[in-house]
Amino acid sequence: MKVWKKLTALGLTLAMTLSLTACGQKENMEEQKPAEQPPVEDTVVNQEETPVRVVALKGPTGMGMAYLAQNEDGETEDGYALTIAAAPTDVPPLMIQGKVDMACVPANMASVLYQKMESNLVTLAVNTLGVLYVVENGNSVQSMADLNGKTIVASGKGLTPEYTLRYLLTKNSIDPDKDVTIEWKNEHSECVAALASGAATIAMLPQPFVTVAQSKIQGLRMALDLNDAWENLNDGSQLVTGVVVARRDFVEQNPQAVADFLVDYAESVEKVNADPAAAGARIGALDIVAAAVAEQAIPYCNIVCITGTAMKDALSGYLQVLFDAAPESVGGALPADDFYFGA
(Lines give C-alpha, C1' and ligand atoms only; values in the text may rest on other atoms or scores of the structure.)
Protein backbone atom coordinates (compact mmCIF):
# COMPACT_ATOMS: atom_id res chain seq x y z
CA MET A 1 0.00 0.00 0.00
CA LYS A 2 2.79 2.42 0.91
CA VAL A 3 4.63 1.66 -2.34
CA TRP A 4 1.45 2.16 -4.38
CA LYS A 5 0.75 5.43 -2.62
CA LYS A 6 4.28 6.70 -3.26
CA LEU A 7 4.04 5.83 -6.98
CA THR A 8 0.62 7.46 -7.29
CA ALA A 9 1.77 10.56 -5.46
CA LEU A 10 4.89 10.77 -7.62
CA GLY A 11 2.75 10.77 -10.76
CA LEU A 12 0.58 13.51 -9.31
CA THR A 13 3.65 15.51 -8.36
CA LEU A 14 5.02 15.43 -11.90
CA ALA A 15 1.64 16.44 -13.31
CA MET A 16 1.34 19.30 -10.83
CA THR A 17 4.82 20.56 -11.59
CA LEU A 18 4.01 20.79 -15.30
CA SER A 19 0.67 22.48 -14.57
CA LEU A 20 2.15 25.04 -12.21
CA THR A 21 5.01 25.76 -14.61
CA ALA A 22 2.52 26.50 -17.37
CA CYS A 23 0.57 28.83 -15.08
CA GLY A 24 3.77 30.63 -14.12
CA GLN A 25 4.71 31.14 -17.79
CA LYS A 26 1.29 32.62 -18.49
CA GLU A 27 1.60 35.05 -15.59
CA ASN A 28 5.05 36.17 -16.78
CA MET A 29 3.70 36.82 -20.27
CA GLU A 30 1.05 39.07 -18.75
CA GLU A 31 3.77 40.89 -16.78
CA GLN A 32 1.81 40.70 -13.58
CA LYS A 33 3.44 41.91 -10.41
CA PRO A 34 4.23 38.81 -8.35
CA ALA A 35 2.46 38.54 -5.01
CA GLU A 36 4.57 38.58 -1.87
CA GLN A 37 5.58 35.08 -0.90
CA PRO A 38 6.08 33.97 2.70
CA PRO A 39 9.61 32.83 3.58
CA VAL A 40 10.31 29.37 2.23
CA GLU A 41 11.31 28.08 5.63
CA ASP A 42 7.86 28.96 6.98
CA THR A 43 5.97 27.35 4.12
CA VAL A 44 7.73 24.29 2.70
CA VAL A 45 6.44 21.19 4.44
CA ASN A 46 8.38 18.12 5.42
CA GLN A 47 5.48 15.85 6.33
CA GLU A 48 7.69 13.84 8.64
CA GLU A 49 8.11 16.94 10.82
CA THR A 50 5.48 19.58 9.95
CA PRO A 51 1.90 18.45 9.34
CA VAL A 52 -0.21 19.96 6.57
CA ARG A 53 -2.74 22.25 8.24
CA VAL A 54 -6.25 21.41 7.07
CA VAL A 55 -9.52 22.94 8.26
CA ALA A 56 -12.84 21.18 7.66
CA LEU A 57 -16.39 22.32 8.32
CA LYS A 58 -19.05 20.75 10.46
CA GLY A 59 -21.56 19.06 8.19
CA PRO A 60 -21.33 17.04 4.97
CA THR A 61 -18.35 18.90 3.46
CA GLY A 62 -16.15 17.85 6.37
CA MET A 63 -17.30 14.24 6.65
CA GLY A 64 -14.99 12.93 3.93
CA MET A 65 -12.00 14.04 6.02
CA ALA A 66 -12.74 11.55 8.79
CA TYR A 67 -9.86 9.18 7.98
CA LEU A 68 -7.25 11.92 7.69
CA ALA A 69 -7.36 12.22 11.49
CA GLN A 70 -6.33 9.53 13.95
CA ASN A 71 -7.65 11.12 17.11
CA GLU A 72 -9.98 13.82 18.41
CA ASP A 73 -7.20 16.42 18.20
CA GLY A 74 -7.02 15.89 14.44
CA GLU A 75 -3.39 14.71 14.56
CA THR A 76 -2.26 11.81 12.40
CA GLU A 77 0.85 9.83 11.60
CA ASP A 78 0.28 10.60 7.90
CA GLY A 79 1.17 14.27 8.33
CA TYR A 80 -2.05 16.26 8.76
CA ALA A 81 -3.28 18.60 11.45
CA LEU A 82 -7.07 18.66 11.03
CA THR A 83 -9.22 21.26 12.76
CA ILE A 84 -12.99 21.62 12.57
CA ALA A 85 -14.63 25.01 11.98
CA ALA A 86 -18.19 25.59 13.14
CA ALA A 87 -19.22 27.90 10.28
CA PRO A 88 -18.00 28.69 6.74
CA THR A 89 -17.35 32.30 7.76
CA ASP A 90 -14.64 31.08 10.15
CA VAL A 91 -12.47 29.87 7.26
CA PRO A 92 -11.61 32.92 5.08
CA PRO A 93 -9.52 34.72 7.74
CA LEU A 94 -7.48 31.55 8.31
CA MET A 95 -6.75 31.18 4.61
CA ILE A 96 -6.06 34.86 3.96
CA GLN A 97 -3.68 35.10 6.94
CA GLY A 98 -1.88 31.89 5.97
CA LYS A 99 -2.80 30.11 9.19
CA VAL A 100 -3.97 27.00 7.31
CA ASP A 101 -2.78 25.36 4.10
CA MET A 102 -5.99 23.71 2.88
CA ALA A 103 -9.67 24.03 3.68
CA CYS A 104 -13.08 22.59 2.93
CA VAL A 105 -15.42 25.41 1.92
CA PRO A 106 -18.74 25.88 0.11
CA ALA A 107 -18.27 25.95 -3.66
CA ASN A 108 -19.25 29.58 -4.10
CA MET A 109 -17.05 30.67 -1.17
CA ALA A 110 -14.06 29.21 -3.00
CA SER A 111 -14.74 31.59 -5.89
CA VAL A 112 -15.19 34.53 -3.53
CA LEU A 113 -11.91 33.71 -1.77
CA TYR A 114 -10.13 33.41 -5.12
CA GLN A 115 -11.09 37.02 -5.83
CA LYS A 116 -10.22 38.27 -2.34
CA MET A 117 -6.86 36.51 -2.29
CA GLU A 118 -5.92 37.87 -5.71
CA SER A 119 -5.75 34.38 -7.25
CA ASN A 120 -3.58 32.95 -4.45
CA LEU A 121 -6.04 30.06 -4.19
CA VAL A 122 -6.65 26.86 -6.13
CA THR A 123 -9.40 24.28 -5.94
CA LEU A 124 -7.94 20.82 -5.48
CA ALA A 125 -11.14 18.76 -5.55
CA VAL A 126 -14.91 18.74 -5.37
CA ASN A 127 -15.63 17.01 -2.09
CA THR A 128 -19.43 17.10 -1.87
CA LEU A 129 -22.09 17.15 -4.57
CA GLY A 130 -25.70 18.12 -3.91
CA VAL A 131 -27.12 17.58 -0.42
CA LEU A 132 -30.47 19.31 -0.96
CA TYR A 133 -33.68 17.29 -0.92
CA VAL A 134 -37.36 18.01 -1.28
CA VAL A 135 -39.08 16.13 1.54
CA GLU A 136 -42.78 15.50 1.87
CA ASN A 137 -45.17 14.26 4.50
CA GLY A 138 -47.34 12.63 1.85
CA ASN A 139 -47.05 11.12 -1.62
CA SER A 140 -48.02 13.84 -4.09
CA VAL A 141 -44.47 14.69 -5.24
CA GLN A 142 -42.72 12.15 -7.45
CA SER A 143 -40.97 14.51 -9.89
CA MET A 144 -40.01 18.16 -10.26
CA ALA A 145 -43.15 18.66 -12.36
CA ASP A 146 -45.27 17.68 -9.37
CA LEU A 147 -44.12 20.81 -7.50
CA ASN A 148 -46.28 22.92 -9.80
CA GLY A 149 -48.97 24.57 -7.66
CA LYS A 150 -47.43 23.45 -4.38
CA THR A 151 -46.19 25.37 -1.33
CA ILE A 152 -42.58 24.71 -0.32
CA VAL A 153 -40.96 25.83 2.92
CA ALA A 154 -37.23 26.41 2.72
CA SER A 155 -34.36 28.40 4.17
CA GLY A 156 -31.49 30.07 2.38
CA LYS A 157 -33.20 32.97 0.64
CA GLY A 158 -30.62 35.05 -1.23
CA LEU A 159 -28.12 32.22 -0.94
CA THR A 160 -27.20 29.15 -2.98
CA PRO A 161 -30.25 27.08 -1.87
CA GLU A 162 -32.57 29.69 -3.39
CA TYR A 163 -30.57 29.94 -6.61
CA THR A 164 -30.51 26.14 -6.91
CA LEU A 165 -34.25 25.75 -6.35
CA ARG A 166 -35.18 28.55 -8.74
CA TYR A 167 -32.83 27.20 -11.42
CA LEU A 168 -34.22 23.68 -11.23
CA LEU A 169 -37.83 24.86 -11.22
CA THR A 170 -37.20 27.06 -14.25
CA LYS A 171 -35.42 24.28 -16.12
CA ASN A 172 -38.48 22.09 -15.50
CA SER A 173 -40.84 24.72 -16.96
CA ILE A 174 -42.10 25.92 -13.56
CA ASP A 175 -42.09 29.66 -12.90
CA PRO A 176 -40.71 30.02 -9.34
CA ASP A 177 -42.57 33.32 -8.91
CA LYS A 178 -45.95 32.23 -10.26
CA ASP A 179 -46.34 28.47 -10.31
CA VAL A 180 -45.21 27.66 -6.77
CA THR A 181 -45.31 29.35 -3.37
CA ILE A 182 -41.98 29.38 -1.55
CA GLU A 183 -42.19 30.26 2.13
CA TRP A 184 -38.72 31.28 3.27
CA LYS A 185 -37.64 30.55 6.83
CA ASN A 186 -34.57 31.86 8.61
CA GLU A 187 -33.17 28.45 9.56
CA HIS A 188 -33.51 24.80 8.60
CA SER A 189 -34.88 24.05 12.07
CA GLU A 190 -37.87 26.31 11.36
CA CYS A 191 -38.67 24.23 8.29
CA VAL A 192 -38.56 21.07 10.38
CA ALA A 193 -40.85 22.68 12.97
CA ALA A 194 -43.35 23.64 10.24
CA LEU A 195 -43.38 20.05 9.00
CA ALA A 196 -43.73 18.65 12.52
CA SER A 197 -46.68 20.92 13.33
CA GLY A 198 -48.48 20.20 10.09
CA ALA A 199 -48.19 23.82 8.97
CA ALA A 200 -46.32 22.52 5.93
CA THR A 201 -46.16 19.20 4.12
CA ILE A 202 -43.35 19.93 1.63
CA ALA A 203 -39.93 21.40 2.38
CA MET A 204 -36.47 21.74 0.89
CA LEU A 205 -33.81 20.63 3.36
CA PRO A 206 -30.13 19.67 3.22
CA GLN A 207 -28.57 16.61 4.73
CA PRO A 208 -28.09 15.89 7.58
CA PHE A 209 -31.19 17.95 8.54
CA VAL A 210 -33.26 15.56 6.43
CA THR A 211 -32.10 12.64 8.57
CA VAL A 212 -32.84 14.57 11.77
CA ALA A 213 -36.29 15.54 10.50
CA GLN A 214 -37.12 11.96 9.55
CA SER A 215 -36.24 10.82 13.06
CA LYS A 216 -38.79 13.26 14.48
CA ILE A 217 -41.61 13.14 11.91
CA GLN A 218 -43.21 9.83 11.14
CA GLY A 219 -43.81 9.25 7.44
CA LEU A 220 -41.55 12.05 6.19
CA ARG A 221 -39.91 10.88 2.98
CA MET A 222 -37.25 12.11 0.61
CA ALA A 223 -39.42 12.92 -2.40
CA LEU A 224 -36.74 14.44 -4.65
CA ASP A 225 -32.95 14.39 -4.66
CA LEU A 226 -31.99 17.75 -6.19
CA ASN A 227 -28.58 16.36 -7.07
CA ASP A 228 -30.33 13.85 -9.35
CA ALA A 229 -32.63 16.56 -10.69
CA TRP A 230 -29.57 18.61 -11.67
CA GLU A 231 -27.85 15.66 -13.33
CA ASN A 232 -31.03 14.97 -15.32
CA LEU A 233 -30.50 18.30 -17.07
CA ASN A 234 -27.47 16.77 -18.84
CA ASP A 235 -25.74 20.12 -19.29
CA GLY A 236 -22.26 18.93 -18.23
CA SER A 237 -22.31 20.65 -14.86
CA GLN A 238 -23.18 19.23 -11.46
CA LEU A 239 -24.74 20.53 -8.27
CA VAL A 240 -21.68 21.17 -6.09
CA THR A 241 -21.95 21.81 -2.37
CA GLY A 242 -18.32 21.86 -1.23
CA VAL A 243 -14.74 21.82 -2.43
CA VAL A 244 -11.22 21.49 -1.04
CA VAL A 245 -9.06 24.55 -1.67
CA ALA A 246 -5.42 25.37 -0.95
CA ARG A 247 -3.24 28.43 -0.96
CA ARG A 248 -1.44 28.62 -4.30
CA ASP A 249 1.88 29.53 -2.66
CA PHE A 250 1.64 26.41 -0.49
CA VAL A 251 0.87 24.22 -3.53
CA GLU A 252 3.77 25.61 -5.54
CA GLN A 253 6.26 25.09 -2.73
CA ASN A 254 4.94 21.70 -1.58
CA PRO A 255 3.96 19.65 -4.64
CA GLN A 256 4.74 16.34 -2.94
CA ALA A 257 2.60 17.17 0.09
CA VAL A 258 -0.29 18.09 -2.19
CA ALA A 259 0.11 14.92 -4.23
CA ASP A 260 0.11 12.84 -1.04
CA PHE A 261 -2.96 14.67 0.21
CA LEU A 262 -4.99 13.94 -2.94
CA VAL A 263 -4.18 10.24 -2.60
CA ASP A 264 -4.94 10.16 1.13
CA TYR A 265 -8.14 12.17 0.80
CA ALA A 266 -9.46 9.91 -1.97
CA GLU A 267 -8.80 6.92 0.30
CA SER A 268 -10.59 8.64 3.19
CA VAL A 269 -13.67 9.35 1.06
CA GLU A 270 -13.75 5.73 -0.11
CA LYS A 271 -13.65 4.46 3.48
CA VAL A 272 -16.38 6.85 4.61
CA ASN A 273 -18.75 5.74 1.88
CA ALA A 274 -17.90 2.04 2.23
CA ASP A 275 -18.74 1.75 5.95
CA PRO A 276 -21.09 4.49 7.24
CA ALA A 277 -21.24 2.95 10.72
CA ALA A 278 -17.49 3.01 11.29
CA ALA A 279 -17.15 6.38 9.60
CA GLY A 280 -20.02 7.79 11.64
CA ALA A 281 -18.17 6.96 14.85
CA ARG A 282 -15.07 8.81 13.65
CA ILE A 283 -17.12 11.75 12.39
CA GLY A 284 -18.89 11.98 15.73
CA ALA A 285 -15.60 11.85 17.67
CA LEU A 286 -14.30 14.76 15.59
CA ASP A 287 -17.52 16.72 16.28
CA ILE A 288 -18.29 17.11 12.58
CA VAL A 289 -21.78 15.58 12.87
CA ALA A 290 -23.30 13.46 15.63
CA ALA A 291 -22.29 9.83 15.08
CA ALA A 292 -25.79 8.36 14.80
CA VAL A 293 -26.90 11.08 12.39
CA ALA A 294 -23.74 10.76 10.29
CA GLU A 295 -24.19 7.00 9.94
CA GLN A 296 -27.70 7.43 8.58
CA ALA A 297 -26.91 10.47 6.42
CA ILE A 298 -23.68 9.37 4.70
CA PRO A 299 -25.39 7.45 1.85
CA TYR A 300 -27.33 10.61 0.95
CA CYS A 301 -24.56 13.21 1.32
CA ASN A 302 -22.86 12.57 -2.04
CA ILE A 303 -19.35 12.68 -0.55
CA VAL A 304 -16.84 12.51 -3.40
CA CYS A 305 -13.29 13.31 -4.45
CA ILE A 306 -13.45 14.68 -8.00
CA THR A 307 -10.26 16.20 -9.39
CA GLY A 308 -8.74 17.50 -12.60
CA THR A 309 -10.84 18.11 -15.70
CA ALA A 310 -13.90 16.41 -14.23
CA MET A 311 -13.71 18.77 -11.26
CA LYS A 312 -13.47 21.80 -13.54
CA ASP A 313 -16.41 20.71 -15.68
CA ALA A 314 -18.64 20.09 -12.66
CA LEU A 315 -17.68 23.20 -10.74
CA SER A 316 -17.41 25.77 -13.53
CA GLY A 317 -20.92 25.00 -14.78
CA TYR A 318 -22.34 25.33 -11.28
CA LEU A 319 -20.55 28.63 -10.66
CA GLN A 320 -21.90 29.90 -13.99
CA VAL A 321 -25.46 29.25 -12.78
CA LEU A 322 -24.76 31.14 -9.55
CA PHE A 323 -23.12 34.01 -11.43
CA ASP A 324 -26.14 34.32 -13.73
CA ALA A 325 -28.44 34.42 -10.70
CA ALA A 326 -26.35 36.77 -8.53
CA PRO A 327 -22.78 37.72 -9.51
CA GLU A 328 -21.95 38.69 -5.94
CA SER A 329 -22.53 35.08 -4.85
CA VAL A 330 -19.26 34.10 -6.58
CA GLY A 331 -17.31 37.25 -5.76
CA GLY A 332 -18.51 39.41 -8.65
CA ALA A 333 -16.72 37.47 -11.39
CA LEU A 334 -16.10 33.91 -12.46
CA PRO A 335 -12.62 32.58 -11.59
CA ALA A 336 -9.99 32.12 -14.29
CA ASP A 337 -8.72 28.74 -15.44
CA ASP A 338 -5.89 28.77 -12.89
CA PHE A 339 -8.55 28.36 -10.19
CA TYR A 340 -8.99 24.72 -11.23
CA PHE A 341 -5.96 22.75 -10.11
CA GLY A 342 -4.75 20.04 -12.46
CA ALA A 343 -7.44 20.71 -15.08
Side-chain angles (χ1 to χ4, degrees), residues 9 12-24 27 35-38 40 42-47 50-57 61-62 64-65 68-69 74 76 78-85 88 90-128 240 242-269 304-308 311-312 314-316 319 331 335-343:
L12 287 169
T13 301
L14 292 173
M16 287 188 293
T17 301
L18 291 174
S19 174
L20 290 169
T21 300
C23 289
E27 289 177 0
E36 285 190 11
Q37 301 293 338
V40 171
D42 293 337
T43 306
V44 175
V45 167
N46 177 345
Q47 282 190 285
T50 306
V52 178
R53 301 167 299 172
V54 184
V55 60
L57 292 171
T61 62
M65 294 279 179
L68 287 186
T76 168
D78 291 331
Y80 303 101
L82 179 67
T83 58
I84 308 302
D90 295 337
V91 179
L94 300 176
M95 290 295 290
I96 292 170
Q97 296 168 21
K99 293 183 178 180
V100 295
D101 307 311
M102 302 176 183
C104 299
V105 296
N108 68 309
M109 179 178 282
S111 181
V112 173
L113 266 175
Y114 173 84
Q115 314 295 344
K116 287 186 176 180
M117 295 175 67
E118 298 180 344
S119 304
N120 187 31
L121 187 92
V122 294
T123 298
L124 300 178
V126 168
N127 71 353
T128 320
V240 180
V243 297
V244 182
V245 297
R247 297 191 340 268
R248 186 182 306 279
D249 52 13
F250 175 83
V251 173
E252 291 176 344
Q253 296 174 34
N254 300 279
Q256 185 61 56
V258 176
D260 289 342
F261 168 80
L262 290 174
V263 172
D264 293 338
Y265 181 61
E267 290 180 354
S268 180
V269 167
V304 295
C305 180
I306 302 174
T307 59
M311 174 264 291
K312 181 181 179 182
L315 181 55
S316 62
L319 293 178
D337 287 346
D338 66 353
F339 174 70
Y340 304 98
F341 179 76

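Heads up: numbering here begins at 1 and tracks the sequence.
- Contact between Ala85 and Val91 at its shortest, heavy atoms only, is CB-CG2, 4.2 Å.
- Expressed to the nearest 0.5 Å, how far SG of Cys305 lies from CE of Met311 amounts to 9.5 Å.
- Panel note: side chain Thr123, backbone Tyr340; no donor-acceptor pair is recorded below 3.5 Å.
- Annotation: side chain to side chain contact (heavy atoms under 4.5 Å, CB included) contacts of Pro106 (sequence neighbours excluded): Leu57, Pro88, Asn108, Met109.
- Between Val112 and Gly331, the shortest heavy-atom contact is CG2-N, 3.4 Å.
- In this structure, Met102 CE and Leu94 CG are separated by 15.0 Å, a value rounded to the nearest 0.5 Å.
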(message) Using side-chain contact (heavy atoms from CB on, under 4.5 Å), reason through Met117 and Met95 one step at a time and then give a plain yes or no.
(response) CA-CA 9 Å; Met117 295 175 67; Met95 290 295 290; 4.2 Å; yes

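- Contact between Asp101 and Pro51 at its shortest, heavy atoms only, is OD2-O, 4.4 Å.
- In this structure, the side chain to side chain donor-acceptor pair (under 3.5 Å) partners of Tyr114, at least two apart in sequence or on a different chain, are Ser119, Asp338.
- No donor-acceptor pair closer than 3.5 Å links the side chain of Asn127 to the backbone N or O of Val304.
- Tested against Val240 for a side chain to side chain contact (heavy atoms under 4.5 Å, CB included), the candidates Thr128, Val126, Leu319 yield a single pass: Val126.
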(request) Walk me through it: do Val243 and Leu315 pass the test side-chain contact (heavy atoms from CB on, under 4.5 Å)? (result) CA-CA 9 Å; Val243 297; Leu315 181 55; 4.1 Å; yes

(message) Evaluate Val245 against Phe341 for side-chain contact (heavy atoms from CB on, under 4.5 Å), listing each step before the verdict.
(response) CA-CA 9 Å; Val245 297; Phe341 179 76; over 6 Å; no

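- Summarising the geometry of Val52 relative to Ala257, their closest heavy-atom pair is CG2-CB, 4.2 Å, with the distance given to 0.1 Å.
- For Arg247 (side chain) and Val100 (main-chain N/O), a donor-acceptor pair under 3.5 Å exists by modelled atom type.
- From Asn120, atom CG reaches atom CD1 of Ile96 across 10.5 Å, with rounding to the nearest 0.5 Å.
- Between the side chain of Ser316 and the backbone N or O of Lys312 there is at least one donor-acceptor pair closer than 3.5 Å.
- For Ala56, the side chain to side chain contact (heavy atoms under 4.5 Å, CB included) criterion is met by Met65, Leu82, Ile84, Cys104, not counting sequence neighbours.
- Annotation: side chain to side chain donor-acceptor pair (under 3.5 Å) contacts of Lys99 (sequence neighbours excluded): Gln97.
- Across all non-hydrogen atoms, the minimal contact from Tyr265 to Gly64 is CE1-O, 3.4 Å.
- For Asp260 and Gln256, the side-chain atoms include at least one donor-acceptor pair closer than 3.5 Å.
- When atom types are taken as modelled, the side chain of Arg248 and the backbone of Val122 share no donor-acceptor pair closer than 3.5 angstrom.
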